[in-house]
Amino acid sequence: MIKQYDQSFVLETAHTSYIFRLLPTKQLEHLYYGKKLTVSSSKDIEPLIEQHAFAPGNTNIYDEEHPEYSLEDMRLEAGMIGKGDIRVPFVEIIHADGSSTNDFLYHDAKINTSHTPIKSLPYALNNKEELEVTLVDETYAVTLKLYYNVYYEYDIITRRAVVINNNKDEIRLNRLMSTQLDFLNHNFVFTTFNGSWTNEMNRHDHAVESGLYINASFTGGSSSRANPFVMLSDKHTTEDEGDVYGLNLIYSGNHYEAVEVGSYGKMRFVSGINPQNFSFLLEEGEIFESPEAVMCFSAHGFNDMSMHMHSFINDCIVRGTWQHQERPVLLNSWEANYFKINEQKLIKQAKAAKKVGIDLFVMDDGWFGKRDNDQSSLGDWQYDPKKLPHGLKHLVDKINAIGLDFGIWVEPEMVNVDSDLYRNHPNWTIEIPGCNQSEGRHQRILDLCNPEVVDYLTDVMSELFSSANIKYVKWDMNRTFSDIYSPYLPANRQQEVFHRYIIGLYKLLHHLTHSFPDILFEGCASGGNRFDLGMLCFMPQIWASDNTDAICRYKIQNSYSYGYPLSAISNHVSSTPNHQTLRTTSLDTRYNVACFGILGYETNLADLSNEALEEIAKQIAHYKAHRKIFQFGTFYRVNQELHNWCVVSDDQEEAVGMILQELVLPNHQFHQFIARGLKEDMHYHFFNEEKQYNVKLFGDLINTASPVHIKQDSLAHQVVAKFVKMPGEVEDMHTTGSILTHGVCLKQAFSANGYNEQVRYFQDFASRLYFIEKESEKQ
Ligand code: GLA
């Protein structure tokens with residue numbers, strides 16, 4: 001709901017309020033963002049207004065009529081340069097006379113009944129309430145528009161800005177943020193998620209004390225170095241209690257989130273396009289649109305904020321055929337084959353996949369040009385006749401005949417110098433003509449600032465996607481930018497390259513996703529190097545990390561879940577020892593982590609033992625039975641030493657939970673599973689799946705039970721292992737939601753003193769899934 005009381009604006013969601021007003025000096029003063037306040041008149045708002053009687057010494061006053069106002073000490077909706085505010089600015093423009101002072105003052109405001117379209121960028125859908133505030137800098141004839149969209153039931157408010165140059169002279173826009181939040185104090189923890197390839201999303205909590213702290217990407221993409229999703233919370237906030245703001249951007253390029261404690265203890269947060277190496281020329285009448293920032297406040301801890309973000313993303317960011325549809329379980333060819341693929345091998349693996357219940361077979365890298373390694377052929381999207389002698393369509397038909405859908409890997413934004421595309425169009429890449437170029441993975445980036453390149457890629461990809469029955473596309477992007485230069489753009493527009501590239505990419509994705517509405521697109525950028533809301537507007541799921549090690553993955557997926565729903569997070573069960581870490585984990589644990597989200601497999605199923613295949617078949621059947629919950633259920637992280645997740649159906653009648661242990665701590669064998677999201681007084685059946693363990697897992701402890709001595713790993717050991725299985729523990733309880741939420745005391749875990757079916761076999765990296773189902777009748 002958007003309300004205006006005299007000179008104040010109140011934006012209300014179900015549980016939050018966002019309030020600002022017009023200052024007597026005509027800037028917009030931010031008054032409040034947080035838990036919902038009851039407001040029914042401008043009088044009610046008065047206590048939120050700081051009562052400035054004089055400006056602090058050694059500051060500039062805005063004008064003589066208002067000696068009480070120094071903009072350096074005011075909470076503002078948009079900070080500017082040159083009129084007293086010396087904090088990190090919202091907007092920075094260099095005018096034709098060389099000045100960078102901007103004095104944007106309130107002009108008018110109106111309430112729109114839908115989201116004003118953003119022409120160059122994707123934006124959130126389905127809104128009916130928008131506030132559009134226009135500010136004008138009269139001296140330079142430049143307009144700044146601020147847009148606020150209110151997503152009432154999601155507790156989400158989005159913000160963005162537009163600059164319009166009405167001056168006959170061109171202006172240079174050096175910075176335009178998407179949102180700004182000025183707080184009265186700085187008692188916050190600023191949480192960022194940083195990392196690198198195979199090590200995405202490490203959570204860092206920074207106590208905000210002084211100065212400027214920046215979380216930003218300069219890779220050209222949203223990056224695995226610093227995800228654009230960040231949080232501001234109280235230092236006492238937990239998963240279940242306390243204040244937290246979740247903040248994100250609908251943007252896939254270089255982004256910037258900064259917190260600054262000003263000289264008077266107030267704190268400013270801004271986020272938007274990274275101003276580093278950014279500068280846009282606007283000629284008379286031209287406009288610049290910032291990406292949309294997404295803001296969510298919860299007074300009930302991180303889980304509650306995440307839940308709101310998840311619903312918002314599922315309903316207003318992800319779109320198209322696959323938006324709310326359950327996603328297929330896939331087998332990806334990469335880790336099983338790397339570049340060494342051929343028709344025969346793929347068909348063999350697909351047959352094995354069909355037997356265990358896989359829905360979709362994905363042919364990853366290596367199928368085109370002369371792609372035997374990563375040094376050639378990107379750009380030449382014709383199948384390699386040596387690997388696929390009967391062609392792509394033939395392979396796809398064969399895979400379809402096995403009973404599987406077919407998916408394909410592409411990396412359209414890239415080119416190898418060793419490719420026909422590069423040989424034919426050496427000026428189509430981001431590079432500085434005549435200079436030595438730095439490469440990443442032996443590849444260069446196509447210049448999507450150039451519309452000809454975008455059109456070419458649209459045609460080539462359309463042709464490829466129509467050439468066979470392709471149901472899924474893995475869209476990869478494996479480089480960060482270097483040699484930032486577009487041969488297409490003039491010298492004075494080279495600082496526009498990063499942003500224009502993203503605009504070109506969005507155009508390309510818009511065309512393709514509209515031309516092929518039924519194809520399921522999965523985003524990927526060396527794993528999570530472009531995991532953001534911009535990509536999710538085109539691709540409903542993203543490959544979260546090239547690291548498939550379950551223990552690393554637990555942490556990576558856990559961190560993504562703060563800002564992104566399970567339906568966006570794609571995970572695979574892969575080989576053991578793991579290809580990235582050489583860590584050995586059980587098939588159980590690999591599945592137990594991967595099933596929270598979009599499940600796939602990435603291992604040579606044709607090489608696995610029957611025992612492993614049987615287990616995988618059970619996993620997939622189990623996943624399909626609970627797929628809706630794993631992909632779209634309400635997800636909870638539980639605060640406790642043991643890693644503990646819980647995902648619950650919309651009607652709260654069903655849930656699946658997990659515990660995961662990193663390392664065994666001797667004599668600490670009593671663990672709890674803690675549920676979340678259940679109805680307190682509803683009765684549930686709590687149980688696990690009964691497992692049987694291989695006796696070899698106990699090593700030479702077999703001799704404590706065997707009447708004859710058995711040498712470890714001997715033939716005798718193998719034979720015994722074939723016939724003797726160790727029974728796993730059974731959990732089976734009937735109780736209320738409130739007790740499950742308090743915690744379930746689980747069977748004692750193994751520790752040196754013997755083993756029987758009452759003992760939980762729970763070694764390093766062990767995990768368990770627990771099932772919770774509503775009792776049909778009160779037990
Ligand atoms: C990237 C992706 C991988 C795989 C390879 C293929 O690294 O993240 O999943 O597709 O490219 O080259």
Side-chain angles (χ1 to χ4, degrees), residues 198 200 322 325-338 341 346 349-365 399 402-410 470-476 519-528 531 539-550 552-554 556-557 560 564-576 578-580 585 587-608 612-613 615-628 630-632:
T198 64
E200 291 88 346
W322 287 95
Q325 248 198 72
E326 290 182 28
R327 317 280 166 70
V329 178
L330 63 79
L331 177 69
N332 178 294
S333 68
W334 181 240
E335 287 196 8
N337 308 280
Y338 294 103
I341 52 173
L346 296 180
Q349 290 166 20
K351 282 184 178 156
K354 176 65 190 167
K355 281 199 193 131
V356 293
I358 299 267
D359 303 310
L360 167 74
F361 183 81
V362 180
M363 176 171 69
D364 207 283
D365 199 353
I399 301 278
I402 292 168
L404 296 176
D405 281 337
F406 183 86
I408 198 163
W409 178 94
V410 288
I470 290 171
K471 294 280 196 207
Y472 160 106
V473 168
K474 178 175 173 189
W475 184 289
D476 210 340
I519 290 185
L520 171 61
F521 283 86
E522 175 161 333
C524 173
S526 305
F531 200 114
M539 309 188 174
Q541 58 192 59
I542 301 178
W543 177 229
S545 175
D546 274 357
N547 190 339
T548 52
D549 175 299
C552 299
R553 261 309 185 116
Y554 172 85
I556 292 171
Q557 292 169 217
Y560 277 124
Y564 303 92
L566 296 191
S567 64
I569 306 173
S570 160
N571 319 309
H572 295 173
V573 172
S574 63
S575 309
T576 204
N578 176 269
H579 288 199
Q580 292 77 44
T585 54
L587 188 50
D588 238 13
T589 288
R590 279 173 276 151
Y591 168 72
N592 292 350
V593 173
C595 68
F596 284 82
I598 310 298
L599 176 70
Y601 286 76
E602 191 166 335
T603 184
N604 192 339
L605 294 180
D607 277 359
L608 292 189
L613 289 170
E615 197 176 331
I616 289 177
K618 274 194 209 147
Q619 292 178 341
I620 294 175
H622 168 268
Y623 182 76
K624 288 185 176 175
H626 298 90
R627 176 156 39 186
K628 186 144 190 239
F630 281 132
Q631 299 186 350
F632 295 100

| task | For side chain to side chain contact (heavy atoms under 4.5 Å, CB included), just list the numbers for Y601 and I620, CA-CA rounded to whole Å, side-chain angles, deciding distance to a tenth of an Å, and then say yes or no. | result | CA-CA 10 Å; Y601 286 76; I620 294 175; 3.7 Å; yes

How far apart are the closest heavy atoms of [X] and [Y], and which atoms are they?
| X | Y | result |
| --- | --- | --- |
| P328 | I598 | O-CG2, 4.4 Å |
| T198 | N547 | O-ND2, 3.0 Å |
| S575 | T603 | OG-OG1, 2.9 Å |
| P540 | F521 | CD-O, 3.4 Å |
| A353 | L331 | CB-CD2, 3.7 Å |

| field | Donor-acceptor contact below 3.5 Å, side chain Y623 vs main chain L599 | value | yes

Are the side chains of [Y] and [X] in contact, using a 4.5 Å heavy-atom criterion?
| X | Y | answer |
| --- | --- | --- |
| L346 | F361 | yes |
| W334 | H579 | no |
| T576 | L587 | no |
| Q349 | L605 | no |
| L330 | E522 | yes |
| M363 | I399 | no |
| E615 | Y591 | no |
| E200 | F531 | no |

| Can a donor-acceptor pair be found between the side chains of Q541 and R327 at a distance below 3.5 Å? | yes

| field | Exercise: do E335 and Q580 side chains pair donor with acceptor under 3.5 Å | value |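 The criterion, which ignores hydrogens and geometry beyond distance, is satisfied for Q580 and E335.
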
Euclidean distance, [Y] [atom2] relative to [X] [atom1], rounded to 0.5 Å:
| X | Y | atom1 | atom2 | value |
| --- | --- | --- | --- | --- |
| L520 | I470 | CG | CD1 | 13.0 Å |
| Y338 | D364 | OH | CG | 10.5 Å |
| W322 | I519 | CH2 | CD1 | 11.0 Å |
| L404 | L360 | CG | CG | 8.0 Å |
| L613 | D607 | CG | CG | 10.0 Å |
| N332 | S574 | CG | OG | 11.0 Å |

| field | Among Y554, F632, F630, the one residue meeting ring pair (Phe, Tyr, Trp, His ring centres under 6.0 Å) with F596 | value | F630

| task | For the pair Y472 and D405, evaluate side chain to side chain contact (heavy atoms under 4.5 Å, CB included) and give the outcome as yes or no after the intermediate values. | result | CA-CA 8 Å; Y472 160 106; D405 281 337; over 6 Å; no

| salt_bridge(D359, R627) N-O dist < 4.0 Å |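 Yes, this pair counts.
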
| field | Residues, nucleotides or ligands: over 12 heavy atoms within 6.0 Å of K624 NZ | value |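 Yes, enclosed.
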
| task | Would you check, one step at a time, whether the test side chain to side chain donor-acceptor pair (under 3.5 Å) holds for T548 with N578? | result | CA-CA 7 Å; T548 52; N578 176 269; 3.0 Å; yes

| Applying the side chain to side chain donor-acceptor pair (under 3.5 Å) test to N571, which of R553, R590, E602 qualifies? | R553

